[in-house]
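Heavy atoms only: backbone and side chains are in, while hydrogens, waters and symmetry mates are out. A quick note: this is a predicted structure, and the numbers were derived from the prediction, not measured.
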Amino acid sequence: MDKIYKHPRLGDISLRQRWTTSRISLSVKPSGEVRLSYPRLVSTAKALRFLEEKVEWVLQMREKIAERAMQGADYSPMQIEALRREAKRILPAMVERLARQHGFSYGRVTIRATRSKWGCCTSRNNLSLSLFLMTLPTHLQEFVVLHELCHTVHHNHSAEFHSLLNSVTGGCEKELSRQLKGIRKNLRFRKGDENDLERIMELVSDAQGWFAKHGIDQWQDGYPTRELISSDISHSNNYVVELNGVVTATFVVSFDGEPTYSEIKGRGWLNENHYAVVHRIAVADECRRKGIAKEILYYTEELCRERGIADIRIDTHCDNLAMRSLLKKMGYAHCGRITLTSGAFREAYHKEVK
């Protein structure tokens, strides 16, 4: 009988100890399940040491599986039919809405199980959309639809086509194309709940260790506490990010203001509009340098647009050069320095969202 071992980074691992097995082996199933098989004469401790040596390989395999799944390679016929029903319910209405909004005319809309591309436009301006669009975030679904609607005007990828697409996407064509091709399509954002609390605290611990390793005196005093994270969850301000079904990042977005932002030394905030504030971003060690923090900030902008909020504020430690560099690249303006309730200083940033 198989046993389940709970790995702190990989989740549940199926342990299979068999007389018929001659060596230790590791496999990752299309579902993302990990199986560790080893001979009866090999101890479980030794098998688990082998697993530890292969953690990065498992994470890479899960990422490849997710990428294949996005193209429909690992969906069952039942799952495909469920996606088809959802696509027929949502995509034609989306096409009609966006065409009316931007003044496009088109023929008919068909839904197909196309794996090689998200959509196409015929010479008669009929649109064919892949049902696998339903695996993308809504804003990327809309980007694909707008892409095909632009082909009703320019049946090519000329400079005129890209100019039109850039115009109807608010100047965001390049960024949306990057998201469509990059890691964003494999990420799932959702509200955190109490079942995520242990994992969130592990992510906090990862962040505390990273700060300490780089000599940054941030989160080194026990902040954020378990009680604070639990409060974030209960107030529906905490979010988690899943990559291949595993929670790999967490952050907080609040629209209730931030008391410590009432006083700022320096140039001052860009305006006094109602704003969103981003706090407590933490990314798993194994997922650093994948662009997840950048996607968190983009997701925050989406939340702001949904609420009609045009401003985001955030603060970070003066020595956290990685975050400060990211904020600069993302269009945040450095506004000065604020003082936390603990008396510590933080560099304050503000962005006006398009």
S163 (side chain) donor-acceptor with A159 (main chain) under 3.5 angstrom: no

Tell me whether the centres of the aromatic rings in H157 and H147 are closer together than 6.0 Å. yes

Has the side chain of Q17 got a donor or acceptor atom that lies under 3.5 Å from a matching backbone atom of R40? yes

In plain terms, say whether E81 and R85 are close enough for a salt bridge, that is, a side-chain N and a carboxylate O under 4.0 Å apart. no

Answer yes or no: is there a donor N or O on one side and an acceptor on the other, between the side chain of S130 and the main chain of T114, under 3.5 Å? yes

Quick check: closest heavy atoms across P39 and S22, and the distance to 0.1 Å? CG-C, 3.6 Å

Should E302 and R307 count as an ion pair when the cut-off is N to O under 4.0 Å? no

Side-chain heavy-atom pair I314, V277 within 4.5 angstrom cut-off: no

State, with a plain yes or no, whether a side-chain heavy atom of M94 is found less than 4.5 Å away from one of L98. yes

What's the verdict on side-chain contact (heavy atoms from CB on, under 4.5 Å) for L131 and R112, showing C-alpha distance, side-chain angles and the deciding distance? CA-CA 6 Å; L131 59 86; R112 304 183 185 278; over 6 Å; no

If two hydrophobic side chains count as joined below 4.5 Å and joins carry through other members, does V34 share a cluster with F50? yes

Under 6.0 Å between the ring centres of W118 and F132? no

Short side-chain donor-acceptor distance under 3.5 Å, R324 and Y349: yes

Please work out which of the three classes, parallel, tilted or perpendicular, describes the rings of Y261 and W269, given edges at 30° and 60°. tilted

Residue pair S342 / D221, side-chain donor-acceptor N/O under 3.5 Å: no

Worked verdict on R337 versus E347 for salt bridge (charged side-chain N to carboxylate O under 4.0 Å, His left out): CA-CA 5 Å; R337 178 173 288 185; E347 303 303 316; 2.9 Å; yes

Under the criterion side-chain contact (heavy atoms from CB on, under 4.5 Å), I'd like the reasoning laid out for M134 against R89: C-alpha separation, chi angles, the key distance, then a yes or no. CA-CA 11 Å; M134 304 317 299; R89 180 175 62 87; over 6 Å; no

When rounded to the nearest 0.5 angstrom, what distance separates CD1 in I338 from CG in L340? 4.5 Å

Do the non-hydrogen side-chain atoms of W57 and L26 ever get within less than 4.5 Å of each other? yes

Side-chain donor/acceptor of Q220 to backbone N/O of Q208, under 3.5 Å: yes

For the residue pair E352 and N271, confirm or rule out a side-chain donor-acceptor distance under 3.5 Å. yes

On a heavy-atom basis, the closest approach of D196 and K191 is OD2-O, 4.4 Å

Counting C-beta onward and ignoring hydrogens, is there a side-chain heavy-atom pair between Y332 and L297 closer than 4.5 Å? yes

Looking only at the aromatic ring of each residue, does the gap between the centers of H350 and H334 stay below 6.0 angstrom? no

Can you tell me which residue among D319, L321, N320 is in a side-chain contact (heavy atoms from CB on, under 4.5 Å) with M323? N320

Decide if atom CZ of R305 counts as having more than 12 heavy atoms of other residues, nucleotides or ligands within a radius under 6.0 Å. yes

Is any side-chain heavy atom of F189 less than 4.5 Å from a side-chain heavy atom of V240? no

Look at R280 together with D232 and state whether they make a salt bridge at an N to O cut-off of under 4.0 Å. yes

H151 side-chain N/O to L146 backbone N/O, donor-acceptor pair under 3.5 Å: no

For the pair D315 (side chain) and R346 (backbone), establish whether a donor and an acceptor sit closer than 3.5 Å, ignoring hydrogens and angles. no

Test side-chain contact (heavy atoms from CB on, under 4.5 Å) applied to V168 and C150, step by step: CA-CA 9 Å; V168 298; C150 286; 3.9 Å; yes

Minimal heavy-atom distance between I90 and Q141, with the atoms involved, is CG2-OE1, 4.4 Å

Once you round to the nearest 0.5 Å, how far does OG of S230 lie from CZ of R226? 8.0 Å

Give me the atom names and distance for the closest heavy-atom approach of S231 to S234. O-OG, 2.8 Å

One should read off an interatomic distance between D311 CG and E272 CD, to the nearest 0.5 angstrom, of 9.5 Å

Distance alone, cut at 3.5 Å: any donor-acceptor contact between the side chains of D256 and H235? no

Verify same cluster id: F104, F161 (apolar side-chain graph, 4.5 Å): yes

Measure the CD-CG distance between E142 and L176 for me, rounded to the nearest 0.5 Å. 10.0 Å

E52 versus H7, side-chain donor and acceptor atoms under 3.5 Å: yes

Donor on one side chain, acceptor on other, T44 and Y38, under 3.5 Å: yes

So does R49 pair up with E53, basic N to acidic O under 4.0 Å? no

Do V204 and V283 share a hydrophobic cluster (ILVMFWY, side-chain heavy atoms under 4.5 Å, transitive)? no

In this structure, OG1 of T248 is separated from CG of L59 (nearest 0.5 Å) by 10.0 Å

Using 0.5 Å steps for rounding, measure from the CH2 atom of W210 to the CD1 atom of I216. 4.5 Å

Measure the acute angle between the ring planes of W219 and Y223, then classify it against the limits of 30° and 60° as parallel, tilted or perpendicular. perpendicular

Do H162 and E173 meet the criterion of a side-chain donor-acceptor pair at a distance under 3.5 Å? yes

Regarding Y298 and E175, do their side chains bring together a donor and an acceptor under 3.5 Å, going by distance alone? yes

Using side-chain heavy atoms (C-beta onward) and a distance below 4.5 Å, is S105 in contact with N125? no

Hydrophobic clustering (ILVMFWY, side-chain heavy atoms < 4.5 Å, transitive) - are I292 and M330 grouped together? yes

Using a strict cut-off of less than 4.0 Å between a Lys/Arg side-chain nitrogen and an Asp/Glu carboxylate oxygen, indicate whether E242 and R190 qualify as a salt bridge. yes

Heavy-atom donor-acceptor pair, N237 side chain to S254 backbone, under 3.5 Å: no

Between Y275 (side chain only) and E258 (backbone N and O only), is there a donor and an acceptor less than 3.5 Å apart? yes

Least distance between heavy atoms, T152 atom then C121 atom: CG2-SG, 3.8 Å

Considering non-hydrogen atoms only, spot the tightest contact between A87 and P92 and give its length. O-CD, 3.3 Å

Might you work through the side-chain contact (heavy atoms from CB on, under 4.5 Å) test for I312 and V278, ending with a clear yes or no? CA-CA 7 Å; I312 304 174; V278 187; 3.8 Å; yes

Answer whether the closest heavy-atom distance between the side chains of S177 and F143 falls below 4.5 Å. yes

Could you tell me if the side chain of I13 sits less than 4.5 Å from the side chain of I4, heavy atoms only? no

Tell me whether L303 shares a hydrophobic cluster with L327, the cluster being built from Ile, Leu, Val, Met, Phe, Trp, Tyr side chains joined at under 4.5 Å. yes

Check the pair E263 / T339 against side chain to side chain donor-acceptor pair (under 3.5 Å), numbers first and verdict last. CA-CA 8 Å; E263 294 186 13; T339 305; over 6 Å; no

